[in-house]
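Note that these values count all heavy atoms, side chains included, but never hydrogens, waters or copies made by symmetry.
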Amino acid sequence: MLLLFVVLLLVPKGFIQPCLSVSSQNIGYGYRLVSLEENPDGGGLIGHLLLKKGTSTYGPDIPHLRLFVKHETRNRLRVQITDAENERWEVPYNLIPREESPPLEIPNQKSSGFPFTASEFSGEELVFSYISDPFGFSVKRRSNGETLFNSITEAEDPYASMVFKDQYLEISTSLPKYSSLYGLGENTQPGGIRLQPNDPYTLYTTDVSAINLNTDLYGSHPVYMDLRNRNGETAAHAVLLLNSNGMDVFYRGSSLTYKIIGGIFDFYFLSGPMPLDVIDQYTSLIGRPAPMPYWALGFHQCRWGYHNLSVVEGVVEGYINAQIPLDVMWTDDDHMDARKDFTLSAVNFPRPKLLAFLDKIHSRGMKYVVIVDPGINVNLTYGVYLRGMAQDIFIKYEGEPYLAQVWPGPVYFPDFLNPSGVSWWVDEIARFHKLVPVDGLWIDMNEVSNFCTGKCKIPTTHSCPIPNNPTPWVCCLDCVNITKTRWDDPPYKINASGIQAPIGFKTIAPSAVHYNGVMEYNAHSLYGFSESIATNKALLKLEGKRPFVLSRSSFVGSGAYAAHWTGDNKGTWEDLKYSISTILNFGLFGMPMVGADICGFYPAPTEELCNRWIELGAFYPFSRDHANFASPRQELYQWESVAKSARNALGLRYKLLPYLYTLSYEAHIYGAPLARPVFFSFPNFTASYGLSTQFLLGSSVMVSPVLKQGATSVDAIFPPGTWYNLFDTTKAVISKDDKYVTLNAPLNEINVHLYQNTILPMQRGGMLTKEARTTPFTLIVAFPFRATHSDAKGKVYVDDDERPEMKLVDGEATYVEFYASIEGKSVKVWSEVEMEKFSLDEKLLIEKITVLGLEGIGEGMEIEVDGERVSDLSGVHFTDASSVDLGKLDGRTNRKSMMVDVTGLALPLGKKFSLSWNMNIKV
């Protein structure tokens with residue numbers, strides 16, 4: 001929702017403090033390592049560091065630190081540094097389950113470990129090295145000795161040795177000039193997906209509109225991937241600093257410096273060496289992406305401002321009449337009674353009529369999702385509030401629930417770190433589901449967003465909320481700033497909101513307290529994450545079905561529980577372009593089900609822009625049109641030209657659903673993003689390292705959108721090989737280098753290409769995922785142009801998508817791998833099947849196989865199913881390449897693309913098959 005579009009104008013005068021221009025050399029002088037021993041309990045090394053010399057800048061230094069180093073797996077190294085004498089805040093282990101570090105030693109207790117005297121501590125793939133005075137460490141790749149992270153300082157470095165104070169931690173690493181870095185979000189990056197030296201990177205969850213560039217936004221993800229290409233050899237690794245406190249990260253190109261306002265250093269180094277390996281290793285640590293129901297891959301329609309049920313019904317009919325696919329209908333807070341969670345407006349969304357509407361769309365196979373904000377209205381007539389008070393589950397300030405303001409007026413915020421708070425939330429969702437059988441929940445405003453700042457009370461001189469207020473986001477509580485504690489006014493000011501705003505500005509006061517005495521100062525960026533966990537748990541408990549949760553705020557591990565959208569964007573060409581980088585970043589963050597508001601959240605998009613946005617948005621992993629109440633209606637049928645673009649682009653998306661769902665399965669099993677940077681599949685193609693205007697779906701489908709106003713063509717780059725246009729497979733791009741190709745792109749068309757050596761499963765499509773997924777399959781087999789010796793492969797996963805788990809279980813899922821080869825004139829296509837029962841029970845069939853890149857006429861077909869030869873081939877037909885138009889080839893060649901269709905098939909998907917034939921090739 002709209003909130004801080006103009007954050008610069010909303011900060012109270014006097015709140016912003018000038019930047020402290022203190023050089024790193026004056027902040028600290030580092031530590032020396034005084035002991036290092038093998039850990040007798042659980043392995044690894046334990047060391048002790050003593051302060052060399054203290055300073056008063058940003059507070060006193062912690063004099064004695066504990067170092068813990070462990071190779072947790074063959075490709076993961078953990079390096080943790082914390083206070084040796086006092087427990088410090090770290091990300092709770094129950095939120096991100098992981099191996100626990102050793103407890104702190106009891107003072108004066110004799111150590112039982114053996115001294116470690118070597119200068120290096122080697123694992124299978126990574127090596128930990130160190131120097132003692134001043135202490136610094138490096139992490140190297142064992143295979144070639146390349147340094148991946150190096151905190152050891154030299155006199156000429158623009159940073160100093162490690163600093164560790166209570167509210168200020170600093171550490172740096174040097175970087176080679178050939179590093180390309182990605183990650184460190186969430187922010188809107190105008191320079192593209194690759195991090196830009198000297199751009200600001202601040203991590204602190206904040207309700208600031210995504211239109212604000214290079215600013216801390218809704219999520220906090222302190223992880224980066226480092227992709228290096230040196231002398232033609234490519235390798236990637238990742239570095240996670242698992243810390244939930246606010247931080248600035250300074251990337252200079254040749255170095256990177258963390259400046260953090262609390263917690264500990266808890267580094268995880270992931271060896272890769274390929275980008276997909278890195279994501280696999282990262283999500284194995286933080287949690288695999290949540291399995292998504294099949295319908296979530298359909299198209300979604302939402303708007304803040306569907307003021308009554310009749311409007312919503314009209315939208316559904318509008319899509320049906322326009323023959324545009326629509327799977328999920330959403331409502332913002334319009335369905336609520338006075339914007340209170342878990343309620344219905346008796347006037348605008350009367351329950352009997354809403355239930356009848358839901359019966360109607362559910363019978364068609366459609367779904368319904370509604371919004372829930374965390375703020376619970378302080379209202380003595382409101383059962384949700386009363387039950388929360390009775391169970392004492394709200395965040396506290398000075399012993400009382402912390403008072404804030406959001407859409408319903410005065411609110412308290414549930415504490416999702418409190419087990420009772422989670423139980424209360426689960427119960428409230430169950431109560432609401434009995435009232436309205438929604439199919440998923442959308443959790444918004446959970447950074448946490450607050451329209452007020454400081455300590456507030458309900459006013460006695462005026463109403464709050466103000467009736468019929470056109471600006472309900474303006475604070476109407478009586479509030480005073482809180483600056484008396486070091487939590488509310490820490491000594492180091494992170495670059496919050498891009499302006500060094502106080503960290504308590506328009507959110508919960510940092511000195512507020514969660515369950516068990518946890519300070520909001522430490523847990524702030526975990527709020528949306530903890531709410532996602534609780535919401536996922538609640539939906540799973542309802543009917544045992546696979547949950548769907550969409551969250552605006554996120555943290556490390558959020559992808560295991562929720563999908564994400566990129567927040568409040570604008571209907572501009574710039575925002576259209578920026579959306580690609582943000583979506584690709586969330587794939588790196590382990591949150592692959594992500595999309596941007598199609599056509600922009602506000603203000604009015606132009607008709608041309610909306611055409612281009614649905615063409616791109618149809619290939620976002622999460623595809624939803626959403627708009628602000630103040631914007632004109634922008635459903636895809638509002639313009640005939642946009643409707644045409646939508647039918648074209650969404651038509652292909654719905655044909656690609658088996659491919660997308662298989663990618664969703666691979667995301668859940670291996671962490672692999674659905675939408676990926678091109679370098680994921682082509683790591684040696686250095687021209688793609690900064691490419692942010694094209695992307696891949698999976699390993700082989702390239703999306704090349706138009707991002708410029710007035711353009712009827714697009715300049716695109718393709719890694720070497722043959723790329724076939726999926727809208728017209730007789731068109732192909734044959735790339736041999738890194739030069740751009742100009743592709744035709746009329747207003748209603750987007751370029752989507754399939755790479756060679758791929759077998760792509762498709763179905764006929766439809767208006768709903770429910771109907772599309774039952775239609776027969778086509779396999780697109782893509783060989784290189786004029787191939788005579790080549791292979792191709794692909795796969796498809798199908799299951800009962802209501803099961804909570806997304807895994808192979810006999811009778812509930814089937815996994816099929818497809819293979820193809822051409823050797824001279826001989827062509828063969830075959831499959832291998834795991835757990836065939838589900839697809840056989842569903843009667844899923846393959847009706848057609850299209851083979852691209854061949855030339856000549858097919859003859860002599862032979863088919864085997866489950867090892868038995870099929871004798872009756874009277875219904876099977878070849879369509880050869882003789883009808884291909886010579887003029888339909890894109891790129892820098894005059895050769896024609898060759899296509900052979902094998903039609904009239906009825907191959908059970910669940911039975912292994914083999915097709916072979918010969919090509920009569922003219923030499």
Side-chain angles (χ1 to χ4, degrees), residues 276 279-280 282-284 287-300 325 327-328 367 369 439-440 532 536 539-540 545-551 558-565 583-584 586-595 617-624 650 652-676 680-681 695-701 703 760-763 765 768-770 772-773 777 794-809 812-817 834-835 838-839 844:
L276 278 177
I279 303 304
D280 183 9
Y282 183 55
T283 56
S284 73
R288 300 296 193 188
M292 289 291 154
Y294 202 94
W295 56 262
L297 292 170
F299 183 68
H300 304 243
D327 258 84
V328 191
K367 306 296 181 180
V369 176
D439 300 290
S532 294
N536 184 287
L539 291 179
L540 183 60
K545 295 182 180 180
R546 193 173 298 173
F548 177 79
V549 180
L550 183 76
S551 177
S558 283
Y561 304 94
H564 177 65
W565 91 107
I583 285 166
L584 296 180
F586 271 87
L588 304 182
F589 297 152
M591 209 166 185
M593 190 61 170
V594 56
F619 302 99
Y620 292 157
F622 172 62
S623 183
R624 184 184 72 158
L650 289 173
L652 180 57
R653 179 189 181 92
Y654 274 59
K655 291 177 183 177
L656 288 171
L657 283 171
Y659 179 67
L660 294 174
Y661 193 63
T662 303
L663 293 179
S664 181
Y665 168 71
E666 292 182 340
H668 178 57
I669 300 300
Y670 308 113
L674 280 71
R676 306 174 189 175
F680 266 53
S681 289
F695 61 95
L696 292 172
L697 288 174
S699 62
S700 307
V701 175
V703 181
L760 180 70
M762 298 177 70
Q763 287 173 284
L768 291 160
T769 58
K770 179 183 179 181
R773 69 186 302 188
F777 284 78
K795 59 258 186 185
V796 70
Y797 171 85
V798 293
D799 73 355
D800 170 10
D801 72 311
E802 292 195 340
R803 292 185 304 122
E805 293 296 325
M806 198 177 197
K807 61 184 180 182
L808 276 174
V809 176
E812 297 180 355
T814 298
Y815 184 73
V816 184
E817 293 182 317
E834 292 185 62
M835 306 291 184
F838 174 78
S839 60
L844 298 175

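- The two residues Pro547 and Leu539 make their nearest non-hydrogen contact at CB-CB, 3.8 Å.
- In terms of modelled atom types and a separation under 3.5 Å, the side chain of Ser551 and the main chain of Ser532 share no donor-acceptor contact.
- Considering all non-hydrogen atoms of both residues, Ile583 and Ala675 come closest at CG2-CB, 4.1 Å.
- By the ring pair (Phe, Tyr, Trp, His ring centres under 6.0 Å) test, Phe777 pairs with no residue at all, sequence neighbours left out.
- Contact record, Gly590 with Pro289: O-CG, 3.7 Å, taken as the closest heavy-atom pair.
- When the ring pair (Phe, Tyr, Trp, His ring centres under 6.0 Å) test is applied to Tyr294, the partners found at least two apart in sequence or on another chain are Tyr661.
- For the pair Ser699/Arg676, a side-chain contact is recorded, criterion being any heavy-atom separation below 4.5 Å from C-beta on.
- At least one donor-acceptor pair under 3.5 Å links the side chain of Arg288 to the backbone N or O of Tyr670.
- With a 4.5 Å cut-off on side-chain heavy atoms, Val816 and Val798 do not count as touching.
- Annotation: the span from Phe589 atom CZ to Thr283 atom OG1 amounts to 14.0 Å, rounded to 0.5 Å.
- Phe548 contributes atom CZ, which lies 4.5 Å from atom CZ of Phe622 (distance to the nearest 0.5 angstrom).
- Residues Thr662 and Tyr797 share a closest heavy-atom pair of OG1-N, 2.9 Å.
- If you take NE2 on His300 and NZ on Lys367, they are separated by 11.5 Å, rounding to the nearest 0.5 Å.
- Contact between Gly298 and Thr769 at its shortest, heavy atoms only, is CA-CG2, 3.7 Å.
- With a 4.5 Å cut-off on side-chain heavy atoms, Phe680 and Leu696 do not count as touching.
- Looking at heavy atoms from C-beta onward, Gln763 lies out of side-chain contact with Val796 at the 4.5 angstrom threshold.
- Proximity of a side-chain donor or acceptor of Tyr665 to a complementary backbone N or O of Tyr815 within less than 3.5 Å is not detected.
- In this structure a side-chain-to-backbone donor-acceptor pair under 3.5 Å is present from Arg653 to Leu297.
- Arg546 has no carboxylate O lying under 4.0 Å from a charged side-chain N of Asp439, or vice versa, which leaves the two without a salt bridge.
- A heavy-atom distance below 4.5 Å is not found between the side chains of Leu550 and Val369.
- Proximity of a side-chain donor or acceptor of Glu812 to a complementary backbone N or O of Asp800 within less than 3.5 Å is not detected.
- Heavy atoms only, all atoms of each residue included: Ala618 and Ser623 are closest at CA-OG, 3.9 Å.
- In this structure, the side chains of Leu652 and Phe619 come closer than 4.5 Å at one or more pairs of heavy atoms.
- Note: Glu805 CD to Asp799 CG = 11.0 Å, rounded to the nearest 0.5 Å.
- Expressed to the nearest 0.5 Å, how far CE of Met292 lies from CG of Asp801 amounts to 12.0 Å.
- Counting only distance, with no hydrogens or angles, the side chain of His668 and the backbone of Ala290 share no donor-acceptor pair below 3.5 Å.
- Using a 4.5 Å heavy-atom threshold, the side chains of Tyr654 and Leu657 count as touching.
- Atom NZ of Lys545 is separated from atom CD of Glu802 by 4.0 Å, given to the nearest 0.5 angstrom.
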